[in-house]
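See below for the structure under consideration.
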Amino acid sequence: MDAMKETEPLHQVRVDDARNERRWPAYIPRAVSLGLRSQLGVGLYVGEETVGGLNLYSTSVDRISEESETLAQLFATHAALALGWVRAEQGLNDALGTRTLIGQAAGIVMQRYGLNSARAFDYLVRVSQTSNTKIRDLATQLIDEFPTP
């Protein structure tokens, strides 16, 4: 968690010789009792946004090697890019879904009140603003209430 708090790319938190670590008194004693000897935490960032963290644990050595640290940084960079791509794709999918819902709701308004598409959309925006309801939620409500044959 500490590695994810920083906004600095490639930030990491090392725990060498876990048996003598004092930073996390609620965590370290239990982890050591389960065999932890060293740990490396690396934050995952896309731009300045934290998208996760990568933790590596060793039960065999008291110090994470420089080679393992470099590999962790490379893996963290690739993982952050992949997570960022997934988030972006999810955002686009959500936007397309919202657009479809709003289009359907505008169609209902057009049919119900005899408006053209631009005026139907303006109507939805006005109702959304005056009722303090997100336009997506308003569209969903309209669609749910529309009688189906």
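Quantities reported herein were computed from a predicted structural model and do not represent experimental measurements.
- Between the side chains of Asp94 and Gln90, a donor-acceptor pair is found at a separation under 3.5 Å.
- Side-chain atoms of Gln73 and Glu69 form no donor-acceptor pair, as typed in the model, at a separation below 3.5 Å.
- With hydrogens and angles ignored, the 3.5 Å screen pairs no side-chain donor or acceptor of Ser58 with any backbone N or O of Ser38.
- Between the CZ atom of Arg19 and the CD1 atom of Ile28 there is a distance of 11.5 Å, given to the nearest 0.5 Å.
- In terms of hydrophobic clustering, with Ile, Leu, Val, Met, Phe, Trp and Tyr side chains grouped at heavy-atom distances under 4.5 Å, Leu81 and Trp85 are assigned to different clusters.
- Note that CD1 of Ile135 and CZ of Arg126 are 11.0 Å apart. Values are rounded to the nearest 0.5 Å.
- Atom-to-atom distance recorded for Phe121:CZ and Leu115:CG is 13.5 Å, nearest 0.5 angstrom.
- When all heavy atoms are compared, the tightest approach of Thr50 to Tyr45 is OG1-CE2, 3.3 Å.
- No path of Ile, Leu, Val, Met, Phe, Trp and Tyr side chains, each step under 4.5 Å between heavy atoms, connects Leu36 with Leu54, placing them in separate hydrophobic clusters.
- Panel note: side chain Ser128, backbone Leu124; no donor-acceptor pair is recorded below 3.5 Å.
- When only modelled atom types and interatomic distance are considered, Glu21 and Tyr27 share no side-chain donor-acceptor pair under 3.5 Å.
- Checked against Thr98 for a side-chain contact (heavy atoms from CB on, under 4.5 Å), the options Ile102, Leu96, Thr100 give a single hit: Ile102.
- Dense packing is recorded around CZ of Arg14, with more than 12 heavy atoms of other residues, nucleotides or ligands lying under 6.0 Å away.
- With hydrophobic clusters built from ILVMFWY side chains whose heavy atoms lie under 4.5 angstrom apart, Val125 shares a cluster with Val109.
- Of the inter-residue distances, the one linking Phe75 atom CZ with Leu44 atom CG reads 8.5 Å to the nearest 0.5 angstrom.
- Under a cut-off of 6.0 angstrom, the local environment of CZ in Phe146 is crowded, with over 12 non-hydrogen atoms contributed by other residues, nucleotides or ligands.
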Exercise for the section: List the steps and the verdict of side-chain contact (heavy atoms from CB on, under 4.5 Å) for Leu101 and Leu142. Expected result: CA-CA 10 Å; Leu101 282 173; Leu142 262 173; over 6 Å; no
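- With values rounded to the nearest 0.5 angstrom, Asp62 atom CG is found 5.0 Å from Asp17 atom CG.
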Handout entry: salt bridge (Lys or Arg N to Asp or Glu O under 4.0 Å) between Asp16 and Arg37, worked out
Key = CA-CA 7 Å; Asp16 291 320; Arg37 291 180 59 185; over 6 Å; no
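- Rounded to the nearest 0.5 angstrom, Leu138 CG and Asn132 CG are separated by 12.0 Å.
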Practice task
Dump the intermediate steps for side-chain contact (heavy atoms from CB on, under 4.5 Å) on Gln39 and Asn55, then the final yes or no.
Solution key: CA-CA 7 Å; Gln39 178 178 338; Asn55 289 308; 3.9 Å; yes
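- Leu40 and Tyr57 are members of different hydrophobic clusters when ILVMFWY side chains are connected at heavy-atom separations under 4.5 Å.
- Applying the 6.0 Å contact sphere to CZ of Arg30 captures no more than 12 heavy atoms from other residues, nucleotides or ligands.
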Exercise for the section: Dump the intermediate steps for side-chain contact (heavy atoms from CB on, under 4.5 Å) on Val13 and Trp24, then the final yes or no. Expected result: CA-CA 12 Å; Val13 175; Trp24 303 281; 3.6 Å; yes
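- The two residues Ala76 and Gly43 make their nearest non-hydrogen contact at CB-O, 4.5 Å.
- The shortest distance between side-chain heavy atoms of Arg87 and Glu49 falls below 4.5 Å.
- The existence of a salt bridge linking Arg23 and Asp2 is excluded, since no basic side-chain nitrogen approaches an acidic carboxylate oxygen closer than 4.0 Å.
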